[in-house]
Amino acid sequence: MLITLTTDFGLKDPYQGAMKGAILSVNPEARVIDITHLVSPGDIIEGAFVLLESYGFFPDGTVHVAVVDPGVGGMRRPMLVETERFLFVGPDNGLFSLVLRNEKVKRVVQLTEEKYFRKEVSNTFHGRDVFGPVAAHLSLGVSPSAFGPEITDILEISLPKPSLEMGVITGEVIYIDSFGNIITNIDGGDALSFGVDAELELNGKGVEGLKRTYSEVTGGSALALISSSGFLEIAVNGGDAARLFNAQVGDKVLLRARG
Amino acid sequence: MLITLTTDFGLKDPYQGAMKGAILSVNPEARVIDITHLVSPGDIIEGAFVLLESYGFFPDGTVHVAVVDPGVGGMRRPMLVETERFLFVGPDNGLFSLVLRNEKVKRVVQLTEEKYFRKEVSNTFHGRDVFGPVAAHLSLGVSPSAFGPEITDILEISLPKPSLEMGVITGEVIYIDSFGNIITNIDGGDALSFGVDAELELNGKGVEGLKRTYSEVTGGSALALISSSGFLEIAVNGGDAARLFNAQVGDKVLLRARG
Amino acid sequence: MLITLTTDFGLKDPYQGAMKGAILSVNPEARVIDITHLVSPGDIIEGAFVLLESYGFFPDGTVHVAVVDPGVGGMRRPMLVETERFLFVGPDNGLFSLVLRNEKVKRVVQLTEEKYFRKEVSNTFHGRDVFGPVAAHLSLGVSPSAFGPEITDILEISLPKPSLEMGVITGEVIYIDSFGNIITNIDGGDALSFGVDAELELNGKGVEGLKRTYSEVTGGSALALISSSGFLEIAVNGGDAARLFNAQVGDKVLLRARG
């Protein structure tokens, strides 16, 4: 049974290793797959986005554990979510809310049954002591309803929405990847409806037209295209667009049809 | 059979991949789990600490391989250690000495039987050529005694010990994690015996009282608590304590009961 | 069945996780092993070198997928290569050409059969949409010839070759690892033929003699030795040679017999 991990634990510290140990101690046959442990510390929206762009490619029945949990040990509830295709385990702090908009939710359960936790539960490391063991028990076939009471009022966060005014879409940068590619919140299909010769503007610099691949422009040149995740993306062929555009998450992006 | 890896090989170079290949060439069914490959190069104490904080969460029978090995190819002996719960494989340079204080050691064996090594053994990469293959043979059920003669005089290193004088515990910083949390060598139980209103001092800055969770203080504020590993920890809710306290490994930490 | 991954996708973004999901969706039993995801973005030669130093340690039958693919979506062809020992899957852009010089190639197949791809193939992420799924189908036993027509004219890249003139070998730095060890393109056997007291020069600094292990010189001192991969290497015992020699990939290295 597959269990994926998406956390901000980093790769240098003992935390992700300890969490894997806790999972394998419950189910030695579990197959644990890292999505990432390098979410920026405490950045729930970034974690939600990384999960959104990866979870759906896994086979049905996968248990997705995500832990970006600045409120660990406080009031936020530990939970699991059962959908038609997957199980999700982690804190009720919005981390799953982008994903769940795509999924048919069957039930949400607050994790209260301590027999499925590690014997000693620390106040600061629920990945190891609560979420990992719960995922392992789920992978062994324990019914989601065994872990606690159903709840309905889970926390939701949203990506910012682009606005359309006077024929101009105003969106913003929502993610910058390790290549320096700039992902915006503008839907790829909406962008295409402005025509392949639409014009973009980011931080005072323009990009003309929508391309299909990086190599349609000469090396070092900027281009706009639809990202592999379906959002409008600004990139540089063989280069770092975030550096060229001096772009940061939150910067405004304008899209208009050619004049 | 589970084999964990704790090394300073990094994640960019071919080294950890080659080591996994060497393991899987001996036992294609071995399940190799990364604890970390990002121990600071050659830092045996850091490696020993990371291992201490993670190894015990794995199921009984796990083979833990650790390679932080600045003396590779020199006089330090390659060894395996069999304890009641686990097998450990790596250099006899102190890397396992924090762990072994917690474990019931059954025997220590110097690795001399070359038939369990890779055919060609380099002078600089025993992770791939000695420790990995030995771990793989152990995971296949080869008896620990088959790998060489028993030895008893293995190298030990110690974490620095806190001192108690005039009602003040003087400890020090032993680890700083990727969140900037500061782990000290002061035992959590000892700290609690000073009362939950005990006072800490680190680099001229004070922290008042022991909390249970990060969220008991307002965002951006410092707090002290017992870490998930049982040591006294200094943290900042939603922030980076190492930066706030300008802390480095080795800095002194004072703990006193409220006056 | 083992599938290894060597990419420049990074470890922070959702890309390598999505690729693993796409593989496991085709073959849930596939065992996916990371060689690295930290090849410098778009650096085909570095990727080819990392693959060269790791692929051969895996057991026969392993499927090696490598994706350093700045031309994704453009004219470069997707391909698989079947050799006596392994299967390789990735772009035909030179990434496999160092490896293939060591291997007996049985056939090269252009990937054209879309039924082995993901249903929707993006223009920018063939790791997830083409190479991962093809590797997974190979791991299920699909014949290499099923994926498309045989081709013969694949792209080759070469490491620079050292030159020998007036009794001096002039080579260059081809890789610097995370420890700061400097790997040159000078064959270890050739270097030894100059005698163990041969002299090296890099960026105006000299190193005398060839050692067998790091610990043959005092801590902090530079030495030359044969790397675990068989190339002449310059290192510093317990230190960072690249920093000491201010070395970069491409710098010239001179080797001469002792005068």
Side-chain angles (χ1 to χ4, degrees), chain A residues 1-2 4-6 8 10-11 31 33-40 43 46-62 64 85-86 175-181 183 188 210-217 219 223 225-230 233 235-240, chain C residues 3 5 7-34 36-44 67-77 91 93 117-130 132-133 136 178:
Chain A
M1 178 62 97
L2 295 172
T4 77
L5 306 183
T6 302
D8 61 357
L11 289 166
R31 296 168 61 219
I33 308 284
D34 296 316
I35 290 179
T36 188
H37 298 288
L38 298 181
V39 174
S40 302
D43 192 332
E46 186 184 293
F49 182 79
V50 170
L51 203 56
L52 177 67
E53 295 303 315
S54 51
Y55 85 99
F57 300 100
F58 284 85
D60 289 10
T62 297
H64 292 293
R85 295 186 55 203
F86 299 114
Y175 190 76
I176 293 173
D177 74 17
S178 309
F179 296 89
N181 297 322
I183 317 291
L210 302 177
K211 308 299 183 195
R212 299 187 69 242
T213 71
Y214 300 129
S215 51
E216 277 182 55
V217 299
L223 71 155
L225 77 178
I226 311 307
S227 78
S228 59
S229 52
E233 171 184 332
V236 167
N237 182 11
D240 184 322
Chain C
I3 297 175
L5 305 183
T7 82
D8 62 355
F9 294 169
L11 289 166
K12 183 177 171 57
D13 298 323
Y15 305 134
Q16 63 89 19
M19 184 175 173
K20 286 179 186 163
I23 290 170
L24 293 162
S25 285
V26 172
N27 180 5
E29 303 301 318
R31 295 170 59 220
V32 184
I33 309 284
D34 296 316
T36 188
H37 297 289
L38 298 181
V39 174
S40 301
D43 192 331
I44 294 168
V67 192
V68 179
D69 194 14
V72 60
M75 296 296 290
R76 68 96 189 95
R77 298 174 296 189
N93 63 7
F117 302 170
R118 250 184 28 97
K119 280 216 186 70
E120 295 175 62
V121 174
S122 72
N123 291 308
T124 54
F125 194 0
H126 286 186
R128 180 192 70 193
D129 298 340
V130 176
S178 310

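Chain letters run A, B, ... following the sequence lines, proteins first and then strands; every chain starts at 1. Keep in mind that the numbers below use all heavy atoms, side chains included, and drop hydrogens, waters and symmetry copies.
- Residues C:Pro70 and A:Asn237 come closest through the heavy atom pair O-OD1, 4.3 Å.
- Summarising the local packing, CZ of A:Arg212 is surrounded by 12 or fewer heavy atoms from other residues, nucleotides or ligands at distances under 6.0 Å.
- For the pair A:Thr213 and C:Val72, the tightest heavy-atom approach, listed with the atom from each and the gap, is CB-O, 3.8 Å.
- Taken from CD in C:Gln16 to OG in A:Ser178, the straight-line distance is 10.5 Å, to the nearest 0.5 Å.
- Of the listed residues A:Ile35, A:Thr6, A:Leu51, A:Ile226, the one with more heavy-atom pairs under 4.5 angstrom with chain C than any other is A:Ile35.
- Between atom OH of residue A:Tyr175 and atom CG of residue C:Asp13 there is a gap of 3.5 Å, rounded to the nearest 0.5 Å.
- With a threshold of 4.5 angstrom between heavy atoms, A:Thr4 does not approach chain C through any atom at all.
- Residues satisfying the ring-ring contact (aromatic ring centres under 6.0 Å, His included) test with A:Tyr214, not counting sequence neighbours, are none.
- Nearest heavy-atom pair across A:Pro59 and C:Gly21 is CD-O, 4.2 Å.
- In this structure, a donor-acceptor pair under 3.5 Å is absent between the side chains of C:Lys20 and A:Ser54.
- Contact of C:Asp34 with chain A is not made at all, since no heavy-atom distance falls under 4.5 Å.
- Partners of A:Lys211 under the side-chain hydrogen bond (donor to acceptor under 3.5 Å, both in side chains) rule, at least two apart in sequence or in another chain, do not exist in this structure.
- Residue C:Arg128 touches chain A through its side chain alone, counting heavy-atom pairs closer than 4.5 Å.
- The choice from C:Ser25, C:Gly17, C:Gly73 that makes the most heavy-atom pairs within less than 4.5 Å of chain A is C:Ser25.
- Between A:Glu46 and C:Lys12 there is a salt bridge, since a side-chain N of the basic residue sits under 4.0 Å from a carboxylate O of the acidic one.
- Between C:Thr124 and A:Leu225 there is a side-chain heavy-atom pair separated by less than 4.5 Å.
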